[in-house]
2 protein chains.
Amino acid sequence: MQKQQTLSRNQKIIFDLIDKSPEPMKAYSILFNVQKKGIKAPLQVYRALDKLIEIGKIHKIESRNAFIACQNSSCQISKATAFSICESCENVSEISNSKLSKYLSNFADMSGMKYNKYNLEFFGLCKKCKSK
Amino acid sequence: MQKQQTLSRNQKIIFDLIDKSPEPMKAYSILFNVQKKGIKAPLQVYRALDKLIEIGKIHKIESRNAFIACQNSSCQISKATAFSICESCENVSEISNSKLSKYLSNFADMSGMKYNKYNLEFFGLCKKCKSK
DNA sequence: TAACGCTATGTAATAATATAACATTTACAT
DNA sequence: ATGTAAATGTTATATTATTACATAGCGTTA
Ligand SMILES: [Zn+2]
Ligand SMILES: [Zn+2]
Ligand SMILES: [Zn+2]
Ligand SMILES: [Zn+2]
């Protein structure tokens with residue numbers, strides 16, 4: 001069990017919004033949605049995002065510049081992330097596959113590099129979009 | 001053997017620059033470096049980058065918004081990319097490991113999704129930075 | 001309590017990254 | 001030579017992210 005973090009006010013507002021969203025949210029869309037709660041500036045959003053990423057509550061989908069709530073609430077895998085992304089409807093889901101994460105966490109090549117983090121993004125067509 | 005693409009003028013100028021660079025280059029740094037050759041606007045750079053990515057001559061390092069020449073000249077793997085990134089010196093190199101690419105290309109989970117592309121980024125400390 | 005360190009917040013300005021819209025030119029196959 | 005797709009040129013603008021500086025809250029401990 002990971003230590004339960006207490007979120008600050010802005011962090012909680014922004015996490016709740018992302019967590020409720022069915023799709024990854026972009027920073028300025030987040031900003032727009034929380035302005036009525038008093039968060040008015042980009043920096044306030046980015047600071048909260050940075051913190052939420054650091055503690056593993058959300059992840060950034062790098063290829064989309066968007067943010068998604070962690071879908072593996074019971075485990076700390078912010079340093080080992082994998083996503084599947086539909087290139088048609090842009091649906092994104094976090095892959096939670098212990099064989100995959102074991103394989104990648106143990107991956108070593110000849111570079112002499114010690115990896116402590118990875119991010120993997122798969123692209124394709126989701127079930128729905130495939131059958132269209 | 002992949003079909004040899006003929007690069008257009010702008011594409012060639014920009015590819016040569018990236019290919020000579022020891023590190024990934026950012027779009028506006030590319031722009032700055034090719035202005036003396038008549039490429040004056042961001043869009044000219046981005047168009048060439050898009051094309052070069054499409055044909056697999058370069059890759060985008062998503063976590064860095066930077067572009068690197070493909071280091072696997074003999075094979076077409078623009079749809080299956082893996083990189084190792086040093087978080088200290090920002091050195092980036094393309095991983096060419098057939099077991100890894102086979103494993104990931106064949107990866108399937110319960111989502112019913114057919115993947116046709118992936119991008120993997122490993123982070124850590126390179127040999128040099130580790131020994132400091 | 002007061003002083004301190006640390007985290008979070010507020011605000012304005014600006015930097016960095018990327019695309020839209022439109023006009024023109026080039027390559028090249030018929 | 002004509003049609004068509006690809007590439008280019010140009011201006012403006014959209015989107016994403018950070019710098020710099022000031023202020024406020026909160027727990028520790030002198
Ligand atoms: Zn997660
Ligand atoms: Zn889909
Ligand atoms: Zn490559
Ligand atoms: Zn290094």
Side-chain angles (χ1 to χ4, degrees), chain A residues 3-18 21 23-68 83 85 87 90 92 119 121, chain B residues 3-18 21 23-68 78 85 87 90 92 119 121:
Chain A
K3 186 183 157 199
Q4 184 62 26
Q5 289 276 155
T6 306
L7 300 183
S8 74
R9 181 175 156 276
N10 287 2
Q11 288 159 15
K12 183 160 181 4
I13 290 170
I14 287 172
F15 174 72
D16 287 346
L17 178 66
I18 297 172
S21 170
E23 67 232 356
M25 293 195 73
K26 306 208 138 210
Y28 278 71
S29 153
I30 293 168
L31 175 58
F32 179 79
N33 276 277
V34 296
Q35 276 179 330
K36 48 183 172 287
K37 303 215 174 186
I39 296 175
K40 291 174 192 158
L43 189 48
Q44 293 174 291
V45 172
Y46 281 106
R47 281 196 288 225
L49 291 174
D50 285 349
K51 188 67 186 185
L52 290 168
I53 288 169
E54 184 193 324
I55 63 179
K57 301 277 288 180
I58 66 170
H59 306 300
K60 181 174 185 181
I61 310 299
E62 293 286 356
S63 65
R64 300 297 186 260
N65 296 320
F67 303 86
I68 191 176
F83 303 95
I85 302 171
E87 289 183 300
E90 292 294 325
V92 174
N119 179 56
E121 297 180 3
Chain B
K3 186 183 158 200
Q4 183 63 25
Q5 289 277 155
T6 307
L7 301 184
S8 73
R9 181 175 157 275
N10 287 3
Q11 289 159 14
K12 183 160 181 6
I13 289 170
I14 287 172
F15 174 72
D16 287 346
L17 179 66
I18 296 172
S21 171
E23 67 231 356
M25 292 195 73
K26 306 208 138 207
Y28 277 71
S29 155
I30 292 168
L31 176 58
F32 179 80
N33 277 277
V34 296
Q35 276 178 331
K36 47 183 172 286
K37 304 216 172 186
I39 297 174
K40 292 173 191 158
L43 191 48
Q44 294 174 289
V45 172
Y46 281 106
R47 282 197 285 226
L49 291 174
D50 285 349
K51 187 69 186 184
L52 291 168
I53 288 170
E54 184 193 325
I55 63 179
K57 300 279 287 180
I58 66 169
H59 305 301
K60 180 173 185 181
I61 309 300
E62 293 285 359
S63 65
R64 300 298 186 261
N65 296 320
F67 304 86
I68 190 175
S78 61
I85 302 171
E87 289 184 300
E90 292 295 324
V92 174
N119 179 56
E121 297 181 3

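Note: hydrogens, waters and symmetry copies are ignored here, and every other heavy atom, side chains too, is used. A, B, ... follow the sequence lines: proteins, then strands. Residue 1 opens every chain.
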Worksheet item: Between A:Asn119 and A:Phe83, is any pair of side-chain heavy atoms under 4.5 Å apart?
Response: yes
Between the protein and nucleotides 28-30 of chain C, are there any N/O to N/O pairs under 3.5 Å, and if so, what are the atom names and distances?
none

Worksheet item: How does each nucleotide of nucleotides 19-25 of chain C score, in 5' to 3' order, for protein heavy atoms under 4.0 Å: base (B), sugar-phosphate only (S), or none (-)?
Response: BBB----
Fill in: Among B:Ile58, B:Ile68, B:Ile61, B:Ile30, the one residue meeting side chain to side chain contact (heavy atoms under 4.5 Å, CB included) with B:Met25
B:Ile30
Worksheet item: Looking only at atom types and distance, does a side-chain atom of A:Glu121 sit under 3.5 Å from a main-chain N or O of A:Glu62, one as donor and one as acceptor?
Response: yes
Response to the item:
Smallest heavy-atom separation, B:Lys37 atom then B:Arg9 atom, equals O-NH2, 2.8 Å
Item to complete: Mind calculating the distance between NZ (A:Lys26) and P (C:dA18) to the nearest angstrom?
Response: 11 Å
Discussion item. With a 4.0 Å limit, can you tell me whether A:Gln44 has a side-chain N or O closer than that to the phosphate oxygens OP1/OP2 of C:dT9?
Written reply: no
Worksheet item: Can you tell me how far C1' of C:dA18 sits from CG of A:Asn65, to the nearest Å?
Response: 10 Å
Practice prompt. Kindly indicate whether the side chain of B:Lys12, heavy atoms from C-beta on, has any atom under 4.5 Å from the side chain of B:Thr6.
Written response: no
Fill in: Taking every non-hydrogen atom, the tightest pair across A:Phe67 and A:Ile53
CE2-CD1, 3.9 Å
Item to complete: Return the nearest nucleotide to the side chain of A:Asn10; candidates are C:dG10, C:dA8, C:dA18.
Response: C:dG10
Discussion item. Within the 4.5 Å heavy-atom criterion, are B:Leu7 and B:Leu52 side-chain neighbours or not?
Written reply: yes
Worksheet entry | Interatomic distance, B:Arg9 CZ vs C:dA27 C1' [rounded to whole Å] | 15 Å
Discussion item. How many whole angstroms separate atom CE of B:Met25 from atom P of C:dA18?
Written reply: 14 Å
Discussion item. According to side chain to side chain contact (heavy atoms under 4.5 Å, CB included), who are the partners of B:Lys40, at least two apart in sequence or on a separate chain?
Written reply: B:Gln44
Worksheet entry | Closest non-hydrogen atom pair between B:Ala27 and B:Tyr46, with its separation | CB-OH, 3.3 Å
Fill in: Boundaries of the chain B footprint along DNA chain D (any atom under 4.0 Å from a heavy atom)
D:dA7 to D:dT11
Discussion item. Using the side chain to side chain contact (heavy atoms under 4.5 Å, CB included) criterion, which residues pair with A:Glu90? Sequence neighbours excluded.
Written reply: A:Arg64, A:Ile85
Item to complete: Output all residues satisfying side chain to side chain contact (heavy atoms under 4.5 Å, CB included) with A:Phe32, sequence neighbours left out; order by chain, then residue number.
Response: A:Gln35
